[in-house]
Protein chains: 2
Amino acid sequence: MVRQPALHDRIAAGILDAAAAVLAERGDSASMAEIAEAAGVARATLYRYFPSRDALIQGLTRAAFDEVCARIADAGIDDVPVREGLARLVRGFVTAGGKYAALTEIDKSRMEDVEELDRRLTEPVRELLRRGVADGTLRDDLPVDVLLGLLTGLLRNVLHMVAGQRLGVEQGSAAVITVFLEGARRP
Amino acid sequence: MVRQPALHDRIAAGILDAAAAVLAERGDSASMAEIAEAAGVARATLYRYFPSRDALIQGLTRAAFDEVCARIADAGIDDVPVREGLARLVRGFVTAGGKYAALTEIDKSRMEDVEELDRRLTEPVRELLRRGVADGTLRDDLPVDVLLGLLTGLLRNVLHMVAGQRLGVEQGSAAVITVFLEGARRP
DNA sequence: CACTTCTGAGACACTGATGTCTCATCACGA
DNA sequence: TCGTGATGAGACATCAGTGTCTCAGAAGTG
């Protein structure tokens, strides 16, 4: 009796969801025991699916980035005016960024490939911001990195409010979109 | 030969500064050994000043909140129009929030008194935001908690950029002030 | 239903970090 | 300068968390 891939994958996905929730709350203090409990599996089972803590974090990282990057790629942010592109980006991020919220709470300085993943996520955003500065949509007195920092600061907090069910996805998206677009608009 | 309080306090303060820097970078993964090294003292010395990790985090937390709260209290944010109040708040926070940046990177869910400290810090801010909503300065379509979340998201990222010397205090303050005031303005 | 793999529970080993302590040397303060 | 407490280095103890494994029972699959 080998588990059907569908069931095995569903359990693995459930573990990643639980890991995301616990790590979003406790960060690096979260133990594998706590994650297993949240996932509703035994600790030994958690290790059967993810043979080490690193493997679990790696799996979560990949899933988080894949989900967000796919959403952003699908949004076609380069095919529309900057304001619309930013709106789509934010909506995609808030909708698909649940696991990503967990990653903002853990120390990634010693993870492999994280720079590459981060670059893959932020490069389209940087490009969009550059486009906005160049075409006069966005203010040009702040470096693009700072604009990015402001946008990700808004997103991060909204992701956490959404993850904690203190804010809906739609309202959260709308809040970031309007605050950023108005706040970063070229005067 | 008992150390003069001034020297003893200066060393303790240096330890807290170093702890803030290391924790801001590594969060809960930062070890006491790393913190001691960054502070330029032996690990045993670190323990002589702060008898446990919890004591160190507690000391850092108190210092961070004291610094920021004092700055905000001095700013007289209640005595001026909301826009000016927010500008003063942000300037105070970015100027005095270096240690606070470290606290955003650690798990505080099991710390004593953190709710009280957090309340002490955020209550004047909430009050100011409420005033802004009431007098028409700020949009009233978002709950004050969400406005606070957006503002703290901007502040958090700017604090980290300033702490990492990727952004100056003045420019960082100005960025948050303008983005938030414009973005959260009542249309 | 039968069979086979999966799972939970719990025991065990290991380890890095925390915390403690000693002692020779350093450095502050009078 | 001198005396005394502070310090660094290093050794040691403890422990929570990570990782590993066994076995009886559960559960998925055909």
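Naming convention: chains lettered A, B, ... in sequence-line order (proteins, then strands); numbering from 1 in each chain.
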Please report, rounded to the nearest Å, how far the P atom of C:dC6 is from the CD1 atom of A:Ile15.
14 Å

Atom CG of B:Leu7 to atom P of D:dA6: distance rounded to whole Å?
11 Å

Output the single nucleotide from D:dG19, C:dG19, D:dG10 whose closest atom is nearest the side chain of A:Tyr47.
D:dG19

Whole Å only: how far is the CZ atom of A:Phe50 from the P atom of D:dG19?
13 Å

Given the structure, check if the side chain of B:Arg53 and the base of C:dG19 hold any donor-acceptor pair shorter than 3.5 Å.
no

So does B:Glu67 pair up with B:Lys99, basic N to acidic O under 4.0 Å?
yes

First encountered from the 5' end of DNA chain C, between B:Asp28 and A:Val41
A:Val41

Nearest-nucleotide pick for A:Thr45, side chain only, options being D:dG19, C:dT7, C:dT22:
C:dT7

Among side-chain atoms of A:Asp54 and A:Ser52, is any donor-acceptor pair under 3.5 angstrom?
no

Determine whether a donor-acceptor pair (one donor, one acceptor, N or O, separation below 3.5 Å) exists between the side chain of A:Arg48 and the base of D:dG19.
no

Starting at atom CD1 of B:Ile11, determine the distance to atom C1' of C:dG29, rounded to an integer number of angstrom.
14 Å

Here the distance between atom C1' of D:dT7 and atom NE2 of B:His8, to the nearest Å, is 12 Å

Looking only at the side chain of B:Arg43 (C-beta and beyond, no hydrogens), which of the listed nucleotides D:dA11, C:dC28, C:dG8 gets closest?
D:dA11

Mind calculating the distance between CD (B:Glu37) and P (D:dG10) to the nearest angstrom?
13 Å

Nearest of D:dG19, C:dG19, D:dG17 to any side-chain atom of A:Ser31?
D:dG17

Are the side chains of A:Phe93 and A:Leu121 in touch, meaning some heavy atoms are under 4.5 Å apart?
yes

Compare the minimum distances between each of C:dC21, C:dA9, D:dT18 and the side chain of A:Met32, then state the nucleotide with the smallest one.
D:dT18

Judged by each residue's nearest nucleotide on DNA chain C, which is more toward the 5′ side, B:Glu34 or A:Gly40?
A:Gly40

Please give, in whole Å, the distance from D:dT7 C1' to B:Leu46 CG?
13 Å

Once you round to the nearest 0.5 Å, how far does CG of B:Asp107 lie from CD1 of A:Ile106?
13.0 Å

Would you mind telling me which of C:dA30, D:dG19, D:dA9 lies closest to the side-chain atoms of B:Gln4?
C:dA30

In whole angstrom, give the distance that lies between atom CG of A:Asp54 and atom P of C:dG16.
13 Å

Less than 4.0 angstrom from a charged side-chain N to a carboxylate O is my criterion; do A:Asp78 and A:Arg88 meet it?
no

